[in-house]
Amino acid sequence: MRAVRFHEHGDESVLRVDDVDRPEPGPDEVLVEVAAAGVNPVDTYFREGSYEPYGLPAIPGVDAAGTAAAVGEAVEGIAEGDKVFATGLSGAMPGGYAEFVAVPDDRLAALPDDADLVAAGAAGVAAVTAWRALVQHATLRPAETVLIHGGSGGVGHAAVQVAAATGAHVIATAAEGYHDEVAALGADAVLDYNRDDLAEAVVDAADGDGVDVILDHRLDEYLGFDTEVAAQGCRVVGIGENDPEIGFPQSAAARGKDLNLQLMSMFNTPSLADALDDVASLWGEDVTIEVAHSYDLEGAAEAQQAVMTDSFLGKLVIEP
């Protein structure tokens with residue numbers, strides 16, 4: 001089969017397409033014929049060496065979706081020919097930038113028969129992070145108000161849909177050019193994150209009461225802002241930052257509101273298969289993934305550069 005690999009750590013130029021042996025699934029694995037693999041910032045961290053892959057040469061790609069080509073004897077609930085999607089790959093095993101990938105059954109789930117496999121290939125990290133952040137950590141409830149920073153991003157646009165599916169009142173920030181698309185995904189109010197009166201606008205969109213839940217992908221920039229717009233007892237879930245030095249610039253105000261800060265990583269999810277099952281139950285009518293651009297295997301370097309530098313709605317994918 002053909003696969004993207006890097007034989008050493010470095011920039012995008014270390015990625016190349018190799019001919020390699022097709023994997024054989026173990027007893028608890030499913031061999032997936034890959035239709036699409038999502039392109040995530042974490043893929044670049046493995047390539048650069050800030051995260052350690054399973055070894056070199058390595059096949060990147062945390063996410064993948066496709067058709068079950070072979071099923072290990074100990075696998076239950078998946079049959080040959082089923083549509084499946086997976087996440088949590090490439091750290092301890094080969095990833096999804098390949099024509100086939102062998103996936104442990106605790107990292108994949110079945111999809112509905114009518115699922116779009118290209119969109120599903122980009123779903124793993126984005127949708128599982130959104131689901132775990134809002135439903136499991138924040139326990140978002142119907143009629144609560146949620147603020148989603150970066151509503152046009154990979155996780156952000158999935159979170160808008162997950163939050164809308166729970167019956168919450170959804171406020172999202174996004175660049176002005178994406179407002180209509182984010183609203184179409186289920187946001188009740190979409191605000192330009194560059195506006196000078198953003199905090200006032202968020203509170204107004206929450207009927208003057210502040211927000212109950214916040215999904216924040218840049219805690220080092222927005223944690224003080226989060227405190228300002230939070231309602232009493234607000235739950236803030238942090239999924240990322242640009243600076244590791246995170247703290248409340250208004251700690252007294254945060255304490256006065258009994259603010260709860262939960263930091264999370266998708267890779268700590270106790271059961272990725274269960275989380276993927278939850279996402280699959282919403283797939284299609286309630287939640288899907290917008291694919292901004294697709295690349296072939298030879299375009300992997302371009303895709304990894306774009307995921308770190310370009311602006312787009314949704315996700316990028318590689319279609320082997």
#### Entry: Test side chain to side chain contact (heavy atoms under 4.5 Å, CB included) applied to T67 and V32, step by step
CA-CA 5 Å; T67 304; V32 179; over 6 Å; no
### Query
Passes salt bridge (charged side-chain N to carboxylate O under 4.0 Å, His left out), E176 versus R195? Steps please.
CA-CA 10 Å; E176 189 172 356; R195 60 188 290 172; over 6 Å; no
### Worked check of side chain to side chain contact (heavy atoms under 4.5 Å, CB included) between S294 and V317
CA-CA 5 Å; S294 176; V317 298; 3.8 Å; yes
### Message
Would H169 and D207 count as a side-chain hydrogen bond (donor to acceptor under 3.5 Å, both in side chains) here? Give the steps.
### Response
CA-CA 11 Å; H169 179 75; D207 294 329; 5.7 Å; no
### Task
Could you walk me through whether V30 and L108 pass the side chain to side chain contact (heavy atoms under 4.5 Å, CB included) test, one step at a time?
CA-CA 9 Å; V30 175; L108 92 167; 3.9 Å; yes
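The aromatic rings of F46 and Y51 lie perpendicular to each other, with more than 60° between the two planes, well past the 30° mark.
Looking only at distances, no side-chain donor or acceptor of E48 sits under 3.5 Å from a matching main-chain atom of H9. For the pair D106 (side chain) and A273 (backbone), a donor-acceptor distance under 3.5 Å is absent. Of the possible polar contacts, one joining the D43 side chain to the N40 backbone as a donor-acceptor pair under 3.5 Å is found. Remark: the backbone N or O of R2 is paired with a side-chain donor or acceptor of E99 at under 3.5 angstrom. Judged purely by atom type and a 3.5 angstrom limit, K83 uses its side chain to pair as donor or acceptor with the backbone of A115. Using a distance-only test at 3.5 Å, with no hydrogens or angles considered, no donor-acceptor pair links the side chain of H149 to the main chain of L215.
Judged by the 6.0 Å distance and 45° axis criteria, R47 is not positioned over the aromatic ring of F6.
Smallest separation of non-hydrogen atoms from A189 and A205: CB-CB, 4.0 Å. In this structure, A187 and V160 approach most closely via the heavy-atom pair N-CG1, 3.5 Å. In this structure, L89 and G95 approach most closely via the heavy-atom pair CB-CA, 4.0 Å. Considering every non-hydrogen atom in both A138 and V213, the closest pair reads CB-CG1, 3.6 Å. Contact between S90 and V62 at its shortest, heavy atoms only, is OG-CG2, 3.6 Å. For the pair L134 and A159, the tightest heavy-atom approach, listed with the atom from each and the gap, is CD1-O, 3.5 Å.
Checked for salt-bridge contact, E298 and R16 miss the test: no charged N lies under 4.0 Å from a carboxylate O.
Heavy-atom neighbours of E24 CD from other residues, nucleotides or ligands within 6.0 Å: at or below the threshold of 12. With a 6.0 Å radius and a threshold of 12 heavy atoms from other residues, nucleotides or ligands, D21 has its CG atom at or below the threshold. Under a cut-off of 6.0 angstrom, the local environment of CG in D196 is sparse, with at most 12 non-hydrogen atoms contributed by other residues, nucleotides or ligands.
Residues satisfying the ring pair (Phe, Tyr, Trp, His ring centres under 6.0 Å) criterion with Y178, sequence neighbours excluded, are absent altogether.
Residues V203 and V236 are members of one and the same hydrophobic cluster, defined by side-chain heavy-atom contacts under 4.5 angstrom among Ile, Leu, Val, Met, Phe, Trp and Tyr.
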